[in-house]
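Counting starts at 1 for both ligands and their atoms, following the listed order. None of the values given here were measured: they were computed from a predicted structure.
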Amino acid sequence: MTTRQAQAIQVHGLEKSYGGLRVLRGVDFTVARGGIFALLGSNGAGKTTVVKILSTLLKPDAGTARVNGFDVAAQAADVRESISLTGQFAAVDEILSGRENLVLVARLRHLGNPGEVADDLLERFSLTDAAARRVSTYSGGMRRRLDIAMSLIGDPPVIFLDEPTTGLDPQARIEVWQVVKELAAQGTTVLLTTQYLDEAEQLADRIAILHEGRIIVNGTLSELKRLLPPAEIEYVEKQPTLEDVFLALVGADGKDRNAGTNA
Ligand SMILES: Nc1ncnc2c1ncn2[C@@H]1O[C@H](COP(=O)(O)OP(=O)(O)OP(=O)(O)O)[C@@H](O)[C@H]1O
Ligand SMILES: [Mg+2]
């Protein structure tokens, strides 16, 4: 677990300022291969800045980062070969169909069988029924799933998901979570950023909180929970959460929402 090779991402002493604004003030963390690591933080905490540095889009002022064993500064091309980035805002083409978007990316990556790659991903992301429709007719959840599917073309060992479920309804969020869990189960390393505590709770095997330029806590969910004093035990009926109620009323079966003709 602690050998260098077991770590897919290693970050040491990252610093980054924008003008006089010191956003990262010495960020350190590691992510194990095949792990799901959630970087939590409020708006403006610097989550996207960390992701941009790790995906070579931005240079840090100080510190080092290695992704899949490669240094982000000295071996940027190798890092880019090893990763995919699904940004905070979806990068799908609205005018093309879902399948056309996937085929386009597969061609850009010089894969020999773009149609086959596209069809496999459409199936895996429950988008087969909507494959031929223009993306402009997709729901937010469908777009987000297509966006993640596009980023998986070429099987990168490390994926970055910047706020993968912001703006999605509870059902679409659960669909995205399912996809992320499957990726990690297949050995892909996932670093995701989120503002949602429940998302980190559901998905991540390690959670780090970025606050005022540093990682203030980093651990498993149970380690984080142990940081708080034990709650007093009270005997109360468990009330359903708002999410339970929402899902019970609208139905938790995600398949119908993808059908081409349903209103
Ligand atoms: N290119 C830039 N120029 C100047 N300031 C920037 C730039 N990019 C980010 N910032 C500032 O740096 C801080 C961190 O931004 P960043 O986007 O990394 O935060 P974040 O944690 O991803 O926030 P959010 O949750 O809103 O996505 C913010 O105060 C932001 O305004
Ligand atoms: Mg951000």
Side-chain angles (χ1 to χ4, degrees), residues 8-31 35-67 71-73 76 79-80 83-92 140-141 143-148 150-152 156 158-170 172-174 176-177 179-180 183 189-219 221 224 243:
I9 303 173
Q10 298 161 283
V11 175
H12 295 294
L14 274 198
E15 293 180 25
K16 181 72 189 176
S17 298
Y18 297 106
L21 181 67
R22 291 179 67 206
V23 175
L24 306 182
R25 303 172 178 215
V27 170
D28 299 283
F29 63 87
T30 57
V31 182
I36 304 181
F37 183 86
L39 191 58
L40 277 174
S42 327
N43 284 130
K47 304 178 297 294
T48 297
T49 301
V50 170
V51 168
K52 281 185 175 166
I53 291 170
L54 294 181
S55 52
T56 78
L57 298 175
L58 195 65
K59 287 201 188 322
D61 300 334
T64 58
R66 296 182 84 82
V67 176
D71 185 274
V72 293
V79 171
R80 281 186 218 123
I83 63 163
S84 80
L85 168 62
T86 299
Q88 195 165 356
F89 305 100
V92 294
R143 259 171 227 232
R144 185 43 72 167
R145 295 207 304 279
L146 179 63
D147 203 17
I148 296 174
M150 284 163 66
S151 78
L152 297 184
V158 178
I159 72 165
F160 298 113
L161 300 170
D162 196 5
E163 303 208 13
T165 65
T166 297
L168 299 187
D169 65 45
R173 296 176 76 205
I174 288 167
V176 169
W177 291 350
V179 164
V180 174
L183 282 175
T189 305
V190 179
L191 183 150
L192 66 94
T193 74
T194 185
Q195 297 178 45
Y196 302 122
L197 301 169
D198 62 332
E199 180 154 294
E201 224 175 307
Q202 282 289 326
L203 275 184
D205 32 51
R206 287 193 81 79
I207 299 167
I209 299 177
L210 181 61
H211 184 66
E212 294 181 344
R214 291 191 180 84
I215 302 289
I216 55 165
V217 288
N218 179 348
L221 182 61
L224 264 54
E243 191 161 299

Practice item. Considering the heavy atoms of V23, write down every atom of ligand 1 situated less than 4.0 Å from one of them. Key: 12 (O), 13 (C), 14 (C)
Exercise for review: Provide the closest heavy-atom pair for S84 versus I159 in the form atom of the first, atom of the second, distance.
Suggested key: OG-CG2, 3.3 Å
Exercise for review: Only heavy atoms count here, so choose which of V50, N43, T166, V51 is nearest to atom 26 (O) of ligand 1.
Suggested key: N43
Exercise for review: Just jot down the ligand 1 atoms closer than 4.0 angstrom to any heavy atom of Q195, in number order.
Suggested key: 25 (O)
**Study point:** Nearest-0.5 Å distance that lies between atom CZ in R214 and atom CD in E15
**Key:** 8.0 Å
Practice item. To the nearest 0.5 Å, tell me how far E163 CD sits from T193 OG1. Key: 4.5 Å
Practice item. Classify the contact between E163 and ligand 1 as side chain, backbone, both or neither, using a heavy-atom distance cut-off of under 4.0 Å. Key: side chain
Review point. After noting the C-alpha distance and the side-chain angles of R144 and D147, does the key distance pass the side-chain contact (heavy atoms from CB on, under 4.5 Å) rule?
Key: CA-CA 5 Å; R144 185 43 72 167; D147 203 17; 3.7 Å; yes
Exercise for review: Looking only at distances, please establish whether an N/O atom of ligand 1 is found under 3.5 Å from an N/O atom of L21.
Suggested key: no
Point to revise | Proximity flag G46 to ligand 1, non-hydrogen atoms under 4.0 Å | key: yes
Exercise for review: Report yes if some N/O of G44 lies less than 3.5 Å from some N/O of ligand 1; otherwise report no.
Suggested key: yes
Check your understanding: Can R206 be said to sit on top of F29's aromatic six-ring, NZ or CZ under 6.0 Å from centre and within 45° of the ring axis?
Key -> no
Check your understanding: Going by the order shown, which atoms of ligand 1 are within less than 4.0 Å of some heavy atom of T48?
Key -> 17 (O), 18 (O), 20 (P), 22 (O), 27 (O)
Point to revise | Ligand-side contact atoms (ligand 1) for residue partner T49, heavy atom cut-off under 4.0 Å | key: 15 (O), 16 (P), 18 (O)
Review point. Could a heavy atom of S42 be found less than 4.0 Å from some atom of ligand 1?
Key: yes
Exercise for review: Would you please say whether a donor-acceptor pair under 3.5 Å links the side chains of T48 and D162?
Suggested key: yes
Review point. Between OG1 of T166 and CD of E199, what distance do you get to the nearest 0.5 Å?
Key: 7.0 Å
**Study point:** From CG (L39) to CG (L54), nearest 0.5 Å
**Key:** 9.0 Å
Check your understanding: At a non-hydrogen distance cut-off of under 4.0 Å, which region of L210 contacts ligand 1 (side chain, backbone, both, or neither)?
Key -> neither
Check your understanding: Is T48 close enough that one of its N/O/S atoms sits under 2.8 Å from the Mg ion (ligand 2)?
Key -> yes
